[in-house]
Number of protein chains: 6
Amino acid sequence: YDLTVVEGALVGRVNGLAVMGSDSGSVLPIMAEVTPTQGATGQVIATGLLKEIAQESIKNVSAIIKNFTGKDIRNMDVHVQFLGTYNGVEGDSASVTVATAIISAIENIPVRQDVAMTGSLSVRGNVLPIGGVTYKIEAAAKAGIKKVIIPQSNLDDVVIEERYAKMVEIVPVTTIEEVLEHALVFERKEDFIAKIKEMSSRRAKAFADKPAPKPVSV
Amino acid sequence: YDLTVVEGALVGRVNGLAVMGSDSGSVLPIMAEVTPTQGATGQVIATGLLKEIAQESIKNVSAIIKNFTGKDIRNMDVHVQFLGTYNGVEGDSASVTVATAIISAIENIPVRQDVAMTGSLSVRGNVLPIGGVTYKIEAAAKAGIKKVIIPQSNLDDVVIEERYAKMVEIVPVTTIEEVLEHALVFERKEDFIAKIKEMSSRRAKAFADKPAPKPVSV
Amino acid sequence: YDLTVVEGALVGRVNGLAVMGSDSGSVLPIMAEVTPTQGATGQVIATGLLKEIAQESIKNVSAIIKNFTGKDIRNMDVHVQFLGTYNGVEGDSASVTVATAIISAIENIPVRQDVAMTGSLSVRGNVLPIGGVTYKIEAAAKAGIKKVIIPQSNLDDVVIEERYAKMVEIVPVTTIEEVLEHALVFERKEDFIAKIKEMSSRRAKAFADKPAPKPVSV
Amino acid sequence: YDLTVVEGALVGRVNGLAVMGSDSGSVLPIMAEVTPTQGATGQVIATGLLKEIAQESIKNVSAIIKNFTGKDIRNMDVHVQFLGTYNGVEGDSASVTVATAIISAIENIPVRQDVAMTGSLSVRGNVLPIGGVTYKIEAAAKAGIKKVIIPQSNLDDVVIEERYAKMVEIVPVTTIEEVLEHALVFERKEDFIAKIKEMSSRRAKAFADKPAPKPVSV
Amino acid sequence: YDLTVVEGALVGRVNGLAVMGSDSGSVLPIMAEVTPTQGATGQVIATGLLKEIAQESIKNVSAIIKNFTGKDIRNMDVHVQFLGTYNGVEGDSASVTVATAIISAIENIPVRQDVAMTGSLSVRGNVLPIGGVTYKIEAAAKAGIKKVIIPQSNLDDVVIEERYAKMVEIVPVTTIEEVLEHALVFERKEDFIAKIKEMSSRRAKAFADKPAPKPVSV
Amino acid sequence: YDLTVVEGALVGRVNGLAVMGSDSGSVLPIMAEVTPTQGATGQVIATGLLKEIAQESIKNVSAIIKNFTGKDIRNMDVHVQFLGTYNGVEGDSASVTVATAIISAIENIPVRQDVAMTGSLSVRGNVLPIGGVTYKIEAAAKAGIKKVIIPQSNLDDVVIEERYAKMVEIVPVTTIEEVLEHALVFERKEDFIAKIKEMSSRRAKAFADKPAPKPVSV
Ligand SMILES: [Ca+2]
Ligand SMILES: [Ca+2]
Ligand SMILES: [Ca+2]
Ligand SMILES: [Ca+2]
Ligand SMILES: [Ca+2]
Ligand SMILES: [Ca+2]
Ligand SMILES: [Ca+2]
Ligand SMILES: [Ca+2]
Ligand SMILES: [Ca+2]
Ligand SMILES: [Ca+2]
Ligand SMILES: [Ca+2]
Ligand SMILES: [Ca+2]
């Protein structure tokens, strides 16, 4: 098993993107697996020497997961593994990567390995801006990635060289649902739409943000 | 998703106010989401590198939440996320913001995004004074906020420049109920009053402070 | 809401007394609230940057609470909040204040706000001596308090100036029941006695110290 | 309530003995109370700034308590309070004092206040030797104590001045049952014996050490 | 019991491989045992002074174990013991060794003691590359081991002297199933295949990665 | 109660052996007691200032205990007390001593006090080598011990002076069952064998290592 996989599709494995120092990007694969819990109730268990902000980002992702799927998460342990991060990981820009890996593992839907992604998540599913977006895109291009998902709010920060621009497609997104649309693999388009709808159903019910209500004076 | 939102209305998102150093205010958005719990019982999970007083303020807010809603909080996890606070957060002046975000998420009622707020909460729902109120109001004004909710007891501390005074309305309050009246969005006024009454009912039952009983000599 | 309240009566709020440095007293209000628990079982949650001895004093108070009331504390969270103690609190002299605030909140009986108190508690309800009694009494007098409850065993330590002595009544006590008699507000005297008896009933059953049994030689 | 009590009998209060520095003894009162538990199951909660060895001695005492009484300890919290130890407590020589206070509180049997005691406990009820026995006995005598219980194995270490020797009776013991015989107050001798038997019954059943079996060669 | 065992077959014992400093390999035996749990639910308990990455590797292995066996792991404690590591253990290259020892203990299938192994595990059962592979192989050869299992992705890193090359067979693998095929002992080949299938069944069901689905454009 | 006991037989008490510094042995008695649990489930509680390796050795012993006895350990707390170790204990060479004391307490079978022992335990019951065996044997001899149980794998390390060699019998062992055969006291030989068989039965069932199966080529 080589740590670098940039083609085909795999369940529970997603290519994330990291910055080392201030100007060097790299592909950071993340794997997830779900298991029956050994404890009284389920938990999310993340490894890879996550530091404080990274650990908190896992908690934020868990809010998405708990709302996303209709399966009973009380009997489920969710394992998340950052591969090869022996010097630790800090930051929250892998949130979308972690969320995608977990949803892939729970729903057993493969993830495109020619896609890489970066983005922070709010507890309500918004994709929030991150740092080092240009270095990350270039690292993805060099590694053979074909498509890079980034936060819409980072689009202005992208200043990549022409040669890399030709190698990768940049996909700006604002929600985790958009991330899933671009990264997950479904055999037929209509299956895909049905599945996302099914996955979002509990979430939809929980959210149910009313469409742009007019403020009243109180 | 841009971190600055100052118009419309959103569920589970509230514009708080912070002071950096001793004289620079800023808008600090806070998001909340509720999910079915993965653990044996529900918990409040707050992220954003909260330091000691800020963590304790979350505990105080939880007293309000547990009394406010009639829903069974034992099966509910409450996620609270301070957005973008990568250098940590200290203090308890975001208590009203956190409480409002959570109640919005639980009750699925949108919050006005042109409103910002600051204030500490007692475990019984009183809004207690905070620091830096002038800097906070000016920062809100600059960001495009139209209305700033502050503790009544801080009213004397407000010394803002004329140009900012024209931009924002200042709303002094003494209880969390007043905060909700100004920040939550209801389509019709009567709905609003019914909802607040319903939300407060458990709390009312728990409180039931007798109106000004005469002391007896004992 | 002003942190200083010295008249009327409120549920779950008690004026405690503190010493800062070695010779400066102040009024330290403490609030309590009870809520349905979100966890598997109830707990006592105290905020205000309590240091080690202060945290232990909360545990000692919890022994009193668990014996005092007949209500099922397993479904109840008890929140205790020291107001405005942003530099931390050390010592156990607020034990009677905490106990009074909690019992007021649980039983929904108002506390006289013109009363302030200081005293450590044993796990069996004895009021134990504390430090700085003179400074505390003077601070209470200056703040407008009319009656100060102190441990009987501290009576010899009281050396206050004539002008303060005229302003406040000093009430020495030996048990938490005496504290409650002086601080809680009942509409009618007979109601009061009935209520205290009812509150103490479980405790009485648990205690049941035999009246002065003669030692036997063994 | 005065911290020094050396006459009469009280439930849940026992005069222990401590050494400060290397040559100064003092009377160290310990109180215990039992309450219905607020948690899922019972626990022993000890306060008084206990350091590491002292905390472990509480665990050892809990082994005795769990075997001693037939009552259901799963629904019971046991509170132990070292009075006035604001500078911390180290060592295990208060084990017999703690055990006696707890058994008194659980069984509601008064303890003689003219008795003081020192001794470490094994998890099987043996009274083990302690340090500073002479200083402790002299401190007890000075405080007005009439009888001091010490470990049998410390008897050789006792070298007290004649004047103190006249003031107190020294009682060497080898088991916690002997401690209880000397410290607890029963109205009638036969009641006492019955009670101790009843208290020891579960323990007796658990122990049931066979009388001096001959070793077999294996 | 000698720590070095290189022949025969034993349940719950596997020869791992370690590197000390940067250039000295050694055989590191690991034992596992399963027991009924004493706690409310099962847990994995690992000893041998495991440091941070090593502790996380145990968590990753637990993901494999929870998916691998159909037995109810909620009533089972899994004990893992690194033998003789009194100076601590760091790294994740013993993951395959730990997983093999646990599966042997749970399924009661002996492990070949003339086999040694090294390799990190992903939470989905992939064998990931490790460091010091050459030193480890040489140490195994010197100790009398006949077969060394290593990650396929480390094959290029193997540069061993001729004399050691003759002593041991090197077996590159990519999944934990392959490790088990080479290390576990079954009396008959068909039993083996049935057993692995049975062991993998729950896992297979959980995994069910679809064979190379074609990406759709979304 | 004298800490040194070297004759007769006692339930739950075993003479262990320790090394202080690098060349001075001593007898280290260990006591165990079992009680009904006060918590939700049983636990092993060890005191005596155990450091990291010593604490892990207690976990390893617990694997043996959970498999050894057929009694329901979920309702049982197991207390282990190292006597007199006020400066802390490090190392795992008391594992056999702890296991023997616990099994004696659970099964209510006396332990010979003229026997001392040293040895580390694997989680599967093997007795593993320890350090300082010669100093330990000499200390045992000086204290009046008649028989010393040591790991078989330490036999070569024993180099004791002639005069001590005459005083004690050295018994090398490889499993915890052998330790029990030499240390526990049964009134009749046949009872002993029946009891060990009964004690080992659950364990036997769990182990059931097949007798030397031939490896198959896979
Ligand atoms: Ca932008
Ligand atoms: Ca929601
Ligand atoms: Ca004011
Ligand atoms: Ca209330
Ligand atoms: Ca009682
Ligand atoms: Ca002696
Ligand atoms: Ca016993
Ligand atoms: Ca390679
Ligand atoms: Ca799976
Ligand atoms: Ca040897
Ligand atoms: Ca032998
Ligand atoms: Ca087994």
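Order of the sequence lines fixes the chain letters, A, B, ..., with proteins taken first and strands second; residue numbering starts at 1 for each chain.
- Only the side chain of I45(A) comes within contact range of chain E, judged by heavy atoms closer than 4.5 Å.
- The main-chain N or O of I145(E) is never found under 3.5 Å from a side-chain atom of D114(E) such that the two would form a donor-acceptor pair.
- A donor-acceptor pair is defined here as one N or O able to donate and one able to accept, closer than 3.5 Å; no such pair exists between the side chain of S93(A) and the backbone of G119(A).
- For A40(E), no part lies under 4.5 angstrom from a heavy atom of chain A.
- When each of I53(E), N60(E), D92(E) is checked for heavy-atom pairs under 4.5 Å with chain A, N60(E) comes out on top.
- Between chain A and the residues E52(E), E56(E), Q55(E), the largest count of heavy-atom pairs under 4.5 Å involves E56(E).
- Between chain E and the options V80(A), D77(A), T37(A), heavy-atom pairs under 4.5 Å are most frequent for T37(A).
- Looking at I58(E), there are no atoms closer than 4.5 Å to chain A (heavy atoms on both sides), in backbone or side chain.
- Side chain of T134(E) to main chain of V159(E): a donor-acceptor pair is present (N/O by atom type, distance under 3.5 Å, no hydrogens or angles).
- If you take CG on N75(E) and CD1 on I73(E), they are separated by 10.0 Å, rounding to the nearest 0.5 Å.
- Not one N or O on the side chain of D157(E) forms a donor-acceptor pair closer than 3.5 Å with the backbone of G131(E).
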